[in-house]
Amino acid sequence: MSPRTHPGAAALAALAGLLADETRAGFLLALLDGRAWTAGELARHAGVAASTTSEHLGKLVAGGLLAEERQGRHRYVRLADARVAQLVEDLAAQAPPTAAPRPRTLGEAGAGSAMARGRTCYDHLAGRLGIAVTDALTGLGLLRQDTGFALTDDGLRWFDGLGVPLVRTGRRPLARACLDWTERRPHLAGVAGAALCRHALEAGWCVRIGSERALKVTDRGGRALSELLGIPEGTLR
């Protein structure tokens, strides 16, 4: 069957077209922080005019990649769901690495270093922090990576003992490998990855820094990760 007659060809081409614009791609990457942004915030982040931003957001919403909410005069947008986040993550990780532009200020250099050290990837841990946690879970026999990511029985008990419920909704897998775009290695995503990230933030193991997705491991978090997973204190700060 030729691409012209395949029933999914038109839809796939339309989706690819939405992602093929650099400004729209930048919006999607920014929204991987899992939070809702206003159109004005995205416009300032991308350095484009408000009218241009509105046009791009309209296309992303119409294409099902973004969901919008209105509160009073403000319009907020966020990624439509975890499947969209997974698509953006996977595509970003598959893109060929490019030389990062030289930081213009010490602040920019520090922000880039912080993002590589630890960040959220939609709703789970990424960067060196995410890789360290994933490696520790695997080394302790709590997570298997040999046939795709899967929690072991000991892993399920570990989450239960931590008081972190793993509630499966829809088709989202319990554990999934997400290729880290800075480390070029997989970190834990899926229901378990989201639950662990949420717990890390609520328990004060990590705090958000700056306006991006960067995370900082606190003293409390360093002790908890050392006691629970054997990650040496100080290695993630």
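Heavy-atom basis, side chains included; hydrogens, waters and symmetry copies ignored. Not measured: the values here are computed from a predicted model. We number each residue from 1, following the sequence as shown.
Counted within 6.0 Å of CZ on R144, heavy atoms from surrounding residues, nucleotides or ligands total 12 or fewer; the atom is thus considered open.
Across every non-hydrogen atom of A195 and P165, the tightest pair is CB-O, 3.9 Å. A pairwise comparison of heavy atoms in C206 and L201 identifies O-CD2, 3.7 Å as the closest pair. Minimum interatomic distance between L29 and A92 (heavy atoms only, all atoms of both residues): CD2-CB, 4.0 Å.
To the nearest 0.5 angstrom, L57 atom CG is 14.0 Å from Y76 atom OH. For the atom pair C178 SG and L125 CG, the distance stands at 11.5 Å (nearest 0.5 Å). Rounding to the nearest 0.5 Å places CG of D90 at 7.0 Å from CG of L87. To the nearest 0.5 Å, the span separating CG on L129 from NE2 on H187 amounts to 10.5 Å. Between the NE2 atom in H56 and the OG atom in S54 there is a gap of 10.5 Å [rounded to 0.5 Å]. Note: T138 OG1 to L140 CG = 9.0 Å, rounded to the nearest 0.5 Å.
Under a hydrophobic-cluster definition in which Ile, Leu, Val, Met, Phe, Trp and Tyr are linked whenever side-chain heavy atoms come within less than 4.5 Å, directly or via other members, L28 and L179 are assigned to different clusters. With hydrophobic clusters built from ILVMFWY side chains whose heavy atoms lie under 4.5 angstrom apart, L215 shares a cluster with L228. L15 and L91 fall within the same hydrophobic cluster, defined by Ile, Leu, Val, Met, Phe, Trp and Tyr side-chain heavy atoms under 4.5 Å apart, directly or through other members. One hydrophobic cluster, built from ILVMFWY side chains closer than 4.5 Å, cannot hold both L229 and I131; they sit in different ones. Both V164 and W205 are members of a single hydrophobic cluster when ILVMFWY side chains are connected at heavy-atom separations under 4.5 Å.
Counting only heavy atoms from C-beta outward, the side chains of V77 and F27 never approach each other to under 4.5 Å. Looking only at side-chain heavy atoms (C-beta outward), T23 and T53 stay at 4.5 Å or farther from each other. Side chains of R78 and E69 form a contact here, defined as non-hydrogen atoms less than 4.5 Å apart.
A distance-only check finds a donor-acceptor pair linking the side chain of R24 to the backbone of G17 [under 3.5 Å]. Put simply, the side chain of E183 never gets that close to the backbone of D180: no donor and acceptor are under 3.5 Å apart. Judged by distance alone, the side chain of T134 and the main-chain N or O of L188 form a donor-acceptor pair under 3.5 Å.
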Determine all donor-acceptor pairs shorter than 3.5 Å in which one atom belongs to a side chain in residues 60-68; sequence neighbours excluded.
from, atom 1, to, atom 2, distance (Å)
E68, OE1, R75, NE, 2.6
E68, OE1, R75, NH2, 3.2

Which atom pairs, donor and acceptor, lie under 3.5 Å between side-chain atoms of residues 220-227 and protein residues at least two apart or in another chain?
from, atom 1, to, atom 2, distance (Å)
R220, NH1, A203, O, 3.0

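At a threshold of 4.0 Å, the pair D135-R185 counts as salt-bridged, since one of the basic side-chain nitrogens sits closer than that to a carboxylate oxygen.
D123 pairs with exactly one of R35, R172, R176, R198 by the salt bridge (charged side-chain N to carboxylate O under 4.0 Å, His left out) rule, that one being R172.
Sorted by first then second residue, the side-chain hydrogen bond (donor to acceptor under 3.5 Å, both in side chains) pairs that include residues 149-166, not counting sequence neighbours, are D154-R157.
The aromatic rings of H45 and W37 stand perpendicular to each other, their planes meeting at an angle above 60°, with 30° marking the opposite boundary.
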